Amino acid sequence: MALTAIKGFNDILPVEAGRWQHIEQAARRVFELNGFSEIRVPIMEKTELFCRSIGDTTDIVEKEMYSFTDKGENSVTLRPEGTAGVMRALIEHKLYALDPVARLFYLGPMFRYERPQKGRYRQFHQIGAEITGVHDPLVDAQLLNMLVQFFREIGLDEPQLQVNSLGCPECRPAYRKVLVCFLEQRLEALCEDCRRRMATNPLRALDCKVPGCIEATVGAPSMLDNLCQGCADHFAGVRRYLDATATPYSVNTRMVRGLDYYTRTTFEMVTGLLGSQSAVAAGGRYDGLIAQLGGPAIPGIGFAMGVERVALLLADQDFSDHPELFIATMGASERLFAFRLMHELLQTGVRTEMDYEGKSLKSQMRRADKLGARYSVVIGENEVASGRAVFKRMANGEQIDALLTVAEIRGFVCRSGNDLPA
Ligand code: HAM
């Protein structure tokens, strides 16, 4: 029996790869425009890194990590997210000393043992960005604006930005108490998971998707009403900066993140188009994380988007690359001429194709169609002798009589809106 891939681990086939490249290129363009540089960190780290950053009692650490003991008896884990590894690298290489405001982005596979479904996989890909060293809410707004700009750049007006504040170690414990008090009166109505999490992470009840929990938490006290002055001012600052740039957002007081390192601003880009996997990108501030991992006491904020989810939102669009020109030949004697012309065009960056197998003219034209070539040309004895041919624009049948030279062909291929190298 032929082998198949592991459940929840997907192949990204050539038809999808064009969409992925479109997403990755747009992210690089927008992030670099905003002053971010790429960092590449290993996909495997010491297990302790994730326990100490994401939190021992989170679903990710409790249930979803791909951890194992390697041959040297070390406990190692395939990264379930990118922030922890990037912060480990920032501390290890003292990147904060090179630039007190480090702006880093990364992309690559992450691993979580979750129940696979549309938009949720066990190997998935994130594109993330992190800024460290700035407390000012201006930087929260800049990061959010960059994320919104990215979605605009790839042509999506979905998803929508939601923001919240989760407070800080000063005000969150008091809020937790108020919330636990509220939940205890409704214990019977809560699902088993929420009851279990009451002692460790009661806030999760606010974003539990079980209908009983949604109903039972209507009217629950909100973190926003319980922020300390510093956190309230910070959140008001974020909103002021977002308003100043007319960035559309809504406040979602029930947003709770599944990782423990968050403080103050948290946010998600949500869509109604992907069923229960509504978060296409998410993130927030983690002002205590770097110190917690043994680095200096500097703040940070970042986000990560799920590339599979972004790609699903673009699923009806075609990003595959098409040849500019298909050269068909009447017979075997013109193949050498066509081959040389194709070679010269390829050398100057014009994507050109020809028939490889000496097929009939009809089947060559079928192939030109299938490849989505923008122009085709048929070369016979007369064309070789005269050095001229009639090129056909495939989209509308328009005919262009032109010399069979690279300069002339590039002339009309470029004019038709293509950005070819000089
Ligand atoms: P997260 O919310 O766990 O945050 O993941 C961010 C995004 O990754 C999600 O919004 C979703 O689009 C995608 N994602 C997560 N799990 C899966 C999955 N199993 N299958 C497909 N896509 C998935 C973080 O990971 C934080 N490190 C984000 C961050 C960066 N916070 C600060 N800096």
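Small disclaimer: the values here were computed from a predicted structure and weren't measured. Numbering of ligands and ligand atoms starts at 1, following listing order. FYI, side chains are in, hydrogens and waters are out, and symmetry mates aren't considered; it's all heavy atoms of this structure.
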Check your understanding: Per the side-chain contact (heavy atoms from CB on, under 4.5 Å) rule, which among T58, D59, T57 passes with V61?
Key -> T58
Point to revise | Heavy atom of the protein closest to atom 11 (C) of ligand 1 (residue, atom name, distance) | key: R309 NH1, 3.4 Å
Check your understanding: Heavy-atom contact under 4.0 Å between R112 and ligand 1?
Key -> yes
Point to revise | Residue G119 vicinity, atoms of ligand 1 by number, heavy atom under 4.0 Å | key: 20 (N), 21 (C), 22 (N)
Practice item. Looking only at protein heavy atoms, identify the closest one to atom 19 (N) of ligand 1 and say how far it is in Å. Key: E114 OE2, 2.6 Å
Point to revise | R254 and T217 side chains, donor-acceptor separation under 3.5 Å | key: yes
Exercise for review: Look at E324 together with R374 and state whether they make a salt bridge at an N to O cut-off of under 4.0 Å.
Suggested key: yes
Review point. Has ligand 1 got any nitrogen or oxygen that is less than 3.5 angstrom from a nitrogen or oxygen of A279?
Key: yes
Review point. How far is atom 7 (C) of ligand 1 from its nearest protein heavy atom, and which residue and atom name does that atom have?
Key: A304 O, 3.6 Å
Practice item. Consider ligand 1: state whether an atom of it lies below 4.0 angstrom from any non-hydrogen atom of A281. Key: yes
Review point. Taking the six-membered ring for Trp, is the centroid-to-centroid distance between F267 and Y249 below 6.0 Å?
Key: no
**Study point:** Protein contact of atom 20 (N) of ligand 1 - nearest heavy atom, named by residue and atom, plus distance
**Key:** Y121 N, 3.0 Å
**Study point:** atom 25 (O) of ligand 1 [closest protein heavy-atom partner, distance rounded to 0.1 Å]
**Key:** Q126 NE2, 3.0 Å
Exercise for review: Just jot down the ligand 1 atoms closer than 4.0 angstrom to any heavy atom of L259, in number order.
Suggested key: 3 (O), 4 (O)
Revision key, fill the gap. In terms of its nearest heavy atom to atom 26 (C) of ligand 1, the top option of Y261, F124, F303 is Y261
Study note, to complete from the structure: re atom 32 (C) of ligand 1, the protein heavy-atom contact at minimum distance is G302 O, 3.1 Å
Check your understanding: With a 4.0 Å cut-off, would you call E357 and K359 a salt bridge?
Key -> yes
Check your understanding: Is it the side chain (CB and beyond), the backbone, both or neither of M110 that lies under 4.0 Å from ligand 1, heavy atoms counted?
Key -> neither
Check your understanding: In terms of side-chain geometry, is the basic nitrogen of E353 or R351 positioned less than 4.0 Å from the acidic oxygen of its partner?
Key -> yes
Exercise for review: Look only at the side chain of R257 and the backbone of Y262, and say whether a donor-acceptor pair between them is shorter than 3.5 Å.
Suggested key: no
Review point. Does a salt bridge link E188 with R186, judged by any charged N lying under 4.0 Å from a carboxylate O?
Key: no
Review point. Salt-bridged, R28 to E24, with N to O below 4.0 Å?
Key: no
**Study point:** N or O pair under 3.5 Å between V280 and ligand 1
**Key:** yes
Practice item. Identify, for atom 30 (C) of ligand 1, the protein heavy atom at the shortest distance, and state residue, atom and that distance. Key: T83 OG1, 3.0 Å
Review point. Which residue and non-hydrogen atom of the protein lie closest to atom 27 (N) of ligand 1, and at what distance in Å?
Key: E81 OE1, 2.5 Å
Point to revise | Per-atom contacts of ligand 1 with R257, taking only distances under 4.0 Å to non-hydrogen atoms | key: 1 (P), 2 (O), 4 (O)
Exercise for review: State plainly whether the residues E64 and R122 are in salt-bridge range, i.e. N to O under 4.0 Å.
Suggested key: no
Practice item. Assess G258 for proximity to ligand 1: is some non-hydrogen atom of it under 4.0 Å away? Key: no
**Study point:** I60-ligand 1 polar pair, N/O distance under 3.5 Å
**Key:** no
Review point. Taking heavy atoms and a distance under 4.0 Å, where does R120 meet ligand 1: side chain, backbone, both or neither?
Key: both
Check your understanding: Which is closest to atom 28 (C) of ligand 1 in terms of heavy atoms, Y106, Y262, F267?
Key -> Y262
Check your understanding: If you measure from the Lys or Arg side-chain nitrogens to the Asp or Glu carboxylate oxygens, is any gap between D140 and R285 under 4.0 Å?
Key -> yes
Check your understanding: Between F31 and F36, what is the ring plane arrangement, given parallel below 30°, perpendicular above 60°, and tilted in between?
Key -> tilted
**Study point:** Atoms of ligand 1 close to E130 [distance to a heavy atom under 4.0 angstrom, numbered from 1]
**Key:** 30 (C), 32 (C), 33 (N)
Check your understanding: Would you call K392 and E398 a salt bridge, taking side-chain N to carboxylate O under 4.0 Å as the test?
Key -> no
